[in-house]
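Below is one structure; the comments refer to it alone.
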Amino acid sequence: MSQAQAPSPGGRTAHPEHIGHVIFITASAAMGGFLFGYDSSVINGAVEAIRDRYDIGSAALAQVIAIALIGCAIGAATAGRIADRIGRIRCMQIAAVLFTISAVGSALPFDIYDLAAWRIVGGFAIGMASVIGPAYIAEVSPAAYRGRLGSFQQAAIVVGIAVSQLVNYGILQLADGDQRGKLLGLEAWQWMLGVMVVPAVLYGLLSFAIPESPRFLISVGRRERAKAVLADVESKDVDLDARIAEIEHAMRREHKSSFKDLLGGRFAFLPIVWVGIGLSVFQQLVGINVAFYYSATLWQSVGIDPSSSFFYSFTTSIVNIIGTVIAMVLVDRVGRKPLALVGSSGMAIALAFEAWAFSAKLVDGKLPGTEGTVALIAAHVFVLFFALSWGVVVWVFLGEMFPNRIRAAALGVAASAQWIANWAITASFPSLADWNLSGTYVIYTFFALLSIPFVVFFVRETKGKTLEEMG
């Protein structure tokens, strides 16, 4: 009998008959991930225009791009508590409003400081979405499908990245290839940032069409409503009263998670919290977001013209989507740890080739033919291995690995650590690239290699277990 078909108390691994409805709920919640990816990547198309319009150097430009990540860290750190107090759905709706406000403000800034402020607002929304999406999806998903459904968050992120780059490319073409070209009274880069209003409003509308998490409903005494939600997402063979009792029993052993609950031992946090932080930090320290925040600028710096650089950025996003689909197919079949180990190995090799390629001296402002080809191929291979492994499994792990009594707070801390690491990489890349681009990729290669023993010795497999079995 297969893993998905094995019987267990309450029939919890049974397949729901209405899986289409479960997918709709999951996809709606994952719209936050789409906005996460879109907002994170859309700035890629505006980098050079912002530099030119406000006449700022690489260090200041990096801070404007990276400052949104400070908002992300704050949003991630507070989202768990907000969700525990007012519910997952209300938290999504707040994030949708903040995304909308940020898109309008970023498209119509008074000056560079105003733009930075609106990016912080958008970052706060991204941070909230990065926590609420995985937590909500984990709480409404049947155990047999939770890995694949949990990977919807990352799938939505990579689709958001691809769509933002496609939109940027389309706007750039309308503006005759000029990021500062005028379109209906605004510069092209302003339209790039403002278009996010559309998915932000859609996210808000979809949040009204999906149910609240059964675990939150039980926590506020709405037992019958929680039972109705479980009936919509579980198999007809599941004993709903037994499931409710199982959740209630787990919740009686816990209390509202807080930062204080995460403390313990010689190293401040509980060991499981450090593992979550480690997963989050390693996901960023391999330099993945350099490929999405700076790819157009990176390719231009080695001699590729602006239109072609946008094309290569878009092809990278397509590879990202392909890798994510592979992970979605495999995450519940082969498990989380094997995918992470394969991904770390593949990323390390690809990053090493990139480091070698960028060590070559430029000829007429371009990489030599062989090195240029290797750099392009290695960049795409790196993104592929990240997408089919760490891009998906980290979000699945973070939604599953923590005991119920600390899940919300621990997920918030882990996601916050992820944004801080993301900020460190994003803010440092322009200066590191000016120092030594090859050396920068050597650093990323080192972290990819270091992630292998971390996964082997510290990460526990969560495949096929219910949330209540996490402790």
Output the distance between atom CH2 (W390) and atom CG (L341), rounded to the nearest 0.5 Å. 8.5 Å
Compare every heavy atom of S451 with every heavy atom of S344, then report the nearest pair and how far apart it is. OG-OG, 2.7 Å
F397 and side-chain contact (heavy atoms from CB on, under 4.5 Å): which single residue from V392, V275, L279 fits? L279
Roughly how far, to the nearest 0.5 Å, is the CG atom of L115 from the CZ atom of R53? 9.0 Å
More than 12 heavy atoms from other groups under 6.0 Å of CZ on F282: yes
Taking atom CG of L98 and atom CG of D39, what is their separation to the nearest 0.5 Å? 11.0 Å
N320 CG to T315 OG1 distance, which is reported to the nearest 0.5 Å: 11.0 Å
Give a yes or no answer on whether the side chain of T426 reaches the backbone of W423 with a donor-acceptor pair at less than 3.5 Å. no
So T324 and V159, do their side chains get closer than 4.5 Å, heavy atoms only? no
Ring centroids only, cut at 6.0 angstrom: are Y444 and Y441 within range, meaning strictly under it? yes
OG of S28 to OH of Y136, rounded to nearest 0.5 Å, is 8.0 Å
Provide the closest heavy-atom pair for V381 versus A350 in the form atom of the first, atom of the second, distance. CG1-CB, 3.9 Å
Report yes if some heavy atom in the side chain of F446 is under 4.5 Å from a heavy atom in the side chain of L285; otherwise report no. no
Could you pull out the closest heavy-atom pair between A95 and A125, with the gap in Å? O-CB, 3.6 Å
Do I171 and V195 have side-chain heavy atoms sitting under 4.5 Å apart? yes
Nearest heavy-atom approach of G276 to M401 is N-CE, 3.8 Å
Test item: F447 and L351 side chains (from C-beta on) under 4.5 Å apart, heavy atoms: no
Student check: side-chain heavy atoms of S164 and M196 closer than 4.5 Å: no
Would a 4.5 Å heavy-atom cut-off, applied to side chains only, mark F358 and E371 as touching? no
When rounded to the nearest 0.5 Å, the distance separating CG of L186 from CE of M192 is 12.5 Å
Ignoring hydrogens and geometry, is there a side-chain-to-backbone donor-acceptor pair from R336 to V331 under 3.5 Å? yes
Backbone N/O of Y113 and side chain of D111: donor-acceptor pair under 3.5 Å: yes
Smallest separation among heavy atoms of A116 and I67, with atom names: O-CG2, 3.7 Å
Please determine which of V383, L384, L376 meets the side-chain contact (heavy atoms from CB on, under 4.5 Å) test together with T316. V383
Taking all non-hydrogen atoms of both residues, which atom of I161 and which atom of S317 are closest, and how far apart? CG2-OG, 3.4 Å
